[in-house]
Amino acid sequence: MLAACRAMRAWATAHPAEFGWIFASPIVPPDRRPDSARHQAALRFERVLLDLTVELWRTRPFPVPDPAGLPASLREQLEAYSAAVGGRLPPEAAHVFLSCWIRLYGLLCMEVLHQLDFAYTDMEPVFEGCLRDLAAALGIDDV
């Protein structure tokens with residue numbers, strides 16, 4: 001999992017134009033079509049991390065929030081996402097996966113778009129700190 005996150009960062013920083021096309025541009029029609037090249041490229045990235053998270057969930061289930069503590073609207077959305085990925089993750093585990101993806105994706109966007117240059121000249125320690133947080137959320141000890 002962590003190696004895949006590091007590989008994604010290496011690719012994103014080496015290919016900022018491609019990263020921007022897939023992840024850092026507004027999605028407008030026709031890119032919203034499921035058969036568009038852009039949509040398919042984004043799904044391939046999601047699938048890599050989703051597959052790794054599903055495998056982790058199957059072999060070493062990680063802590064998940066109590067569904068009763070989640071707002072009803074969020075529970076409904078998580079149930080829909082869980083169904084959309086074939087029930088491979090229960091809604092609560094999907095919430096952990098999506099929370100991790102949001103952190104990873106957000107940090108990568110900030111780095112690739114140079115939004116943190118005002119504060120950091122070296123993003124690697126920031127990224128590694130994020131990975132430690134994600135590993136803790138996923139119950140991974142071997143960072």
Side-chain angles (χ1 to χ4, degrees), residues 1-28 30-67 69-71 73-143:
M1 173 70 76
L2 301 177
C5 292
R6 289 181 180 109
M8 184 173 182
R9 177 177 180 250
W11 176 83
T13 57
H15 301 90
E18 293 87 346
F19 179 86
W21 178 71
I22 297 170
F23 295 110
S25 302
I27 298 177
V28 296
D31 290 329
R32 288 186 182 171
R33 289 191 340 258
D35 63 337
S36 77
R38 186 172 171 196
H39 184 78
Q40 290 301 310
L43 285 179
R44 281 192 294 278
F45 275 96
E46 178 206 15
R47 263 186 241 122
V48 169
L49 294 176
L50 177 63
D51 289 348
L52 290 169
T53 304
V54 167
E55 182 61 28
L56 182 61
W57 176 253
R58 287 183 181 152
T59 58
R60 295 168 48 182
F62 42 84
V64 296
D66 178 0
L70 299 174
S73 172
L74 182 56
R75 281 195 314 268
E76 291 168 12
Q77 293 173 79
L78 292 169
E79 288 167 3
Y81 178 77
S82 176
V85 297
R88 297 171 63 204
L89 287 174
E92 300 77 29
H95 181 56
V96 173
F97 163 70
L98 291 169
S99 296
C100 290
W101 170 245
I102 290 166
R103 294 256 339 253
L104 177 66
Y105 167 76
L107 185 57
L108 287 175
C109 283
M110 297 287 285
E111 180 176 10
V112 171
L113 298 175
H114 300 280
Q115 296 296 316
L116 295 170
D117 287 1
F118 67 92
Y120 299 109
T121 58
D122 178 8
M123 286 295 296
E124 187 162 352
V126 177
F127 184 79
E128 289 298 320
C130 178
L131 287 188
R132 281 190 297 279
D133 293 345
L134 299 182
L138 294 169
I140 302 172
D141 301 329
D142 46 337
V143 178

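Keep in mind it's a predicted model, so treat the numbers as computed, not measured.
- In this structure, E55 contributes its side chain and D51 its backbone to no donor-acceptor pair below 3.5 Å.
- Rounding to the nearest 0.5 Å gives a distance of 11.0 Å between CG of L116 and SG of C109.
- Minimum heavy-atom separation, C100 to A137: SG-CB, 4.2 Å.
- E92 pairs by the side-chain hydrogen bond (donor to acceptor under 3.5 Å, both in side chains) definition with nothing, not counting sequence neighbours.
- D117 CG to M110 CE: the interatomic distance, rounded to the nearest 0.5 Å, is 10.0 Å.
- Between V54 and V85, the closest side-chain pair of non-hydrogen atoms is not below 4.5 Å.
- Atom CG of L107 sits about 12.0 Å away from atom CD of Q115, to the nearest 0.5 Å.
- F62 is listed as a side-chain neighbour of T53, based on a closest heavy-atom distance under 4.5 Å.
- The aromatic rings of Y81 and F97 sit parallel to each other, their planes meeting at less than 30°, with 60° as the upper class boundary.
- Using modelled atom types, one side-chain atom of R60 and one backbone atom of G139 make a donor-acceptor pair closer than 3.5 Å.
- Looking at V96 and P65, their side chains come closer than 4.5 Å, going by heavy atoms from C-beta outward.
- By the 4.5 Å heavy-atom criterion applied to side chains, P90 and W57 are counted as neighbours.
- With values rounded to the nearest 0.5 angstrom, M8 atom CE is found 5.5 Å from L108 atom CG.
- Residue Y105 holds its OH atom at 15.5 Å from SG of C5, rounded to the nearest 0.5 Å.
- Using a 4.5 Å heavy-atom threshold, the side chains of E18 and W11 count as touching.
- The shortest distance between side-chain heavy atoms of C130 and L134 falls below 4.5 Å.
- When all heavy atoms of R9 and E124 are compared, the pair lying nearest together is NH2-N, 3.4 Å.
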TODO: Under the side-chain contact (heavy atoms from CB on, under 4.5 Å) rule, what do T13 and F19 come out as? Steps first, then yes or no, please.
DONE: CA-CA 8 Å; T13 57; F19 179 86; over 6 Å; no
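- Listed here is the closest heavy atom pair of A4 and L49: CB-CD2, 4.3 Å.
- Counting only distance, with no hydrogens or angles, the side chain of S82 and the backbone of L78 share no donor-acceptor pair below 3.5 Å.
- Atoms CD and CG, on E46 and L98 in that order, are 8.0 Å from each other to the nearest 0.5 Å.
- Under the 4.5 Å side-chain criterion, counting only non-hydrogen atoms from C-beta, L74 is in contact with H95.
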